[in-house]
Protein chains: 2
Amino acid sequence: MNFQQLRYVRETVRRGLNLTEAANALHTSQPGVSKQIRELEAELGFDIFVRHGKRIASLTEPGKAVLGIIERVLQEAENLKRAAQDFSERDTGSLTVATTHTQARYSLPRVVGEFKRRYPKVHLSLLQGNPPQVAEMALSGVADIGIATESLEQHPGLLALPGYTWNHCVVVPPKHPLLKAGALTLEALARYPIITYDTAFAGRSNIDAAFSARNVAVDVVLSAIDSDVIKTYVELGLGVGIIAAMAFDARRDSHLRVLDCSHLFRSNTTRVAVKRGGLLRGYAYEFIEMFAPALSRKLIERALAGEGELYEL
Amino acid sequence: MNFQQLRYVRETVRRGLNLTEAANALHTSQPGVSKQIRELEAELGFDIFVRHGKRIASLTEPGKAVLGIIERVLQEAENLKRAAQDFSERDTGSLTVATTHTQARYSLPRVVGEFKRRYPKVHLSLLQGNPPQVAEMALSGVADIGIATESLEQHPGLLALPGYTWNHCVVVPPKHPLLKAGALTLEALARYPIITYDTAFAGRSNIDAAFSARNVAVDVVLSAIDSDVIKTYVELGLGVGIIAAMAFDARRDSHLRVLDCSHLFRSNTTRVAVKRGGLLRGYAYEFIEMFAPALSRKLIERALAGEGELYEL
DNA sequence: CTTGCTTACGAGACTCGTAATAATT
DNA sequence: AATTATTACGAGTCTCGTAAGCAAG
């Protein structure tokens, strides 16, 4: 039994039980993968994969069971390498952050700038996706850190800590009737076509929840991932926008007017997720702390250790 | 990086930083161990060991840090092999139980008998030691299960579940004055020389605690690991014995008389300990359940998963 | 008939043991 | 002087890639 064999098995499963793809992904030959897996199976004493003739069809029951252990072995081995790097080259390496458009565009630039200044030799990548994808990337190890407002807290394999809290705001063109009305209500808002985020994005769930709780029908004429897209269509007069408050910039968005709506929708918590059982480089902790100063290294490490506890602030 | 290198490092640390001993323990050559460790260090990018010329003096700081991870990798690798065996040969293998004399002699025979009947092909070993040794054996993996009344719950690396509760009893020769007195008191007991268990054995701590709480001075003329030894000397008239109640057998111990003392000393809880992060064979769960029917496989697995919780019954 | 797994085989790398060397106690 | 780690070297094994074969969809 060796690491290579375990990697081959894991990759084969990840690639949908396709040896050829697994071999390509690992930059090696297909026969090599086949042989090593068979040797591992021989050593373990049972087959991991169900084969129909020369096709791999599925995982055997024992295969499913050992797969989890295989993943833990490889995870710990990766932790070891990462810890080693953290000692030998403290300030170099790479950091991959998976996040949504809104975070990447409005809350991360400050953090990224500061991080790059402090760790010029760390290669930083931002991966963008919808919240479930962000969760997936954090879970699979493609990303070291996931940042999003939705989905993250639902994965048991992730530790999702609260980063910061924010509210939505309503944006309208200048001279819009809503600007003259008094305090904004859901009913008043619902009289106009709405432009806001896609389902499962940037607190959209809280928006829907508020309307349906009051039984108010809304007409979402357009939904987008992207605050900038929403603002553009609001400027064109297609409707009233509901966006994250931090996505409104009074100077830049001079063609729009903003209305407070923090009393209408529940506030949103953007969370930082890391994989349970994973190991973070020193600078990864720093990145998180720059993003949310309350999330100190100590707190995160404690949260990773005592798995069960809740860390709401 | 391979498993062998990690094993070499772990063994070297376990053997007190002595390569020669590590090599012997692993049935391989000393130069091989030396070379592999140096290669691992080269790959990791830092030294694990501090060397003074040609002697290994200590662990480096990074070395200490990665040692923990190395142990986890190897633990998971071992779990993998064990899980594999559990699938390929469900009813064969070995089970090592570390325990104290009292348990081995008075509470385990029934369990061992039943276990052997149900799993004739499992090689069962009983290792005997004092409670700290039992804990150590469970922790190091020498034993799969540790059973003792003391020490086990103090190791954070162990999960120590309550197995059963028992009381001490007082044994005296026939016609001893204590038999005529009324209800037994600590003061009455302390008038006679006492023969009981060694420190840190079979609830001795509860005995000492009871006397010192009432400020009663006791004269323990003889202490032993072994209930049979205690009974022998009581028969010889050397003093009054305090032993575990289950160690008294009315038929066999016809030369002795027993006195209840459950009101004098706190009752004792014998615990079953397994290593956190370890994996138990199916029959190991069965062994534990035969010993303490309340400790079902499900309960143990849940307790191993939710690390923080308390599982007092 | 294309895709995809397995078998066969050979080159190169790696592991491990023995013997010799060197440094520490 | 004895113990203990490192270096040198060679035999044997293992890994991996190419090429060929063969089963399934």
Side-chain angles (χ1 to χ4, degrees), chain A residues 1-60 62-64 67 70 73-74 77 80-81, chain B residues 1-60 62-64 67 70 73-74 77 80-81:
Chain A
M1 187 175 88
N2 57 45
F3 287 114
Q4 199 74 309
Q5 293 169 335
L6 303 184
R7 263 192 294 270
Y8 288 173
V9 169
R10 178 177 68 176
E11 199 62 33
T12 302
V13 175
R14 285 191 177 174
R15 303 280 160 180
L17 306 178
N18 184 320
L19 284 198
T20 312
E21 276 192 44
N24 290 337
L26 296 170
H27 309 294
T28 185
S29 72
Q30 182 203 56
V33 175
S34 174
K35 182 132 190 282
Q36 288 302 313
I37 290 180
R38 300 221 80 130
E39 271 173 20
L40 177 63
E41 289 177 325
E43 184 179 343
L44 294 183
F46 57 84
D47 283 3
I48 294 172
F49 298 111
V50 176
R51 293 171 176 80
H52 286 171
K54 289 208 171 185
R55 293 288 153 109
I56 291 178
S58 59
L59 280 161
T60 62
K64 283 179 205 164
L67 183 64
I70 287 176
V73 177
L74 292 174
L80 179 53
K81 281 189 208 144
Chain B
M1 187 174 89
N2 56 45
F3 287 113
Q4 198 75 309
Q5 293 169 334
L6 304 185
R7 263 191 294 269
Y8 287 174
V9 169
R10 178 178 67 176
E11 200 61 34
T12 302
V13 174
R14 285 191 176 173
R15 303 281 161 180
L17 306 178
N18 183 321
L19 284 198
T20 311
E21 275 192 44
N24 290 338
L26 296 170
H27 309 294
T28 185
S29 73
Q30 182 202 57
V33 175
S34 173
K35 182 135 189 281
Q36 289 301 315
I37 289 180
R38 300 222 80 132
E39 270 172 21
L40 177 62
E41 289 177 325
E43 184 178 343
L44 295 183
F46 56 85
D47 283 3
I48 294 172
F49 298 111
V50 176
R51 293 170 175 80
H52 286 171
K54 291 210 169 186
R55 292 288 154 110
I56 291 178
S58 58
L59 280 161
T60 62
K64 283 180 204 163
L67 184 63
I70 288 176
V73 176
L74 293 173
L80 178 53
K81 281 190 207 145

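In what follows, chains are A, B, ... by sequence order, proteins preceding strands, each numbered from 1.
- For the OP1/OP2 pair of dA5(D) and a distance below 4.0 Å, the side-chain nitrogens and oxygens of Thr20(B) include at least one atom meeting the criterion.
- Using a 4.5 Å heavy-atom threshold, the side chains of Phe49(A) and Thr60(A) count as separate.
- Look at Asn18(A) and you'll find a side-chain N or O under 4.0 angstrom from OP1 or OP2 of dC5(C).
- Of the candidate nucleotides dA8(C), dC5(C), dC16(D), dC16(D) has the atom nearest to the side chain of Gln36(A).
- Rounded to an integer number of Å, the gap from CG of Leu19(B) to P of dT7(D) is 12 Å.
- By the 4.5 Å heavy-atom criterion applied to side chains, Tyr8(B) and Leu19(B) are not counted as neighbours.
- Between Ile37(A) atom CD1 and dT6(C) atom C1' the separation is 12 Å, expressed in whole Å.
- When heavy atoms are screened at a 4.0 angstrom cut-off, Glu21(A) is found touching no nucleic acid atom at all.
- The interatomic distance linking Lys54(A) (NZ) with dC5(C) (P) rounds to 11 Å, in whole Å.
- For Gln30(A), counting side-chain heavy atoms from C-beta on, the closest listed nucleotide (dA22(C), dT6(C), dT7(D)) is dT6(C).
- If you take CD of Gln4(A) and C1' of dA13(C), they are 13 Å apart, rounded to a whole angstrom.
- What separates CE of Met1(A) from C1' of dT15(D) is a distance of 17 Å, to the nearest Å.
- The base of dT6(D) has none of its N or O atoms less than 3.5 Å from a complementary donor or acceptor on the side chain of Arg38(B).
- In this structure, CZ of Phe49(A) is placed 14 Å from C1' of dG4(C), rounded to the nearest angstrom.
- Across all strands shown, Gln5(A) has no heavy atoms under 4.0 Å from either base or sugar-phosphate atoms.
- Side-chain N/O atoms of Ser29(A) include none lying less than 4.0 angstrom from OP1 or OP2 on dT18(D).
- With dT15(D), dC5(C), dA8(C) as the choices, the nucleotide that has an atom nearest any side-chain atom of Asn2(A) turns out to be dT15(D).
- For Arg51(A) and dT6(C), the shortest distance from a side-chain N or O to OP1 or OP2 is below 4.0 Å.
- Of the two residues contacting DNA chain C, namely Arg55(A) and Ser34(A), the nearest-nucleotide position lying further toward the 5' end is that of Arg55(A).
- Residue contacts shown for Gly53(A) are limited to sugar-phosphate atoms, with no base heavy atom under 4.0 Å away.
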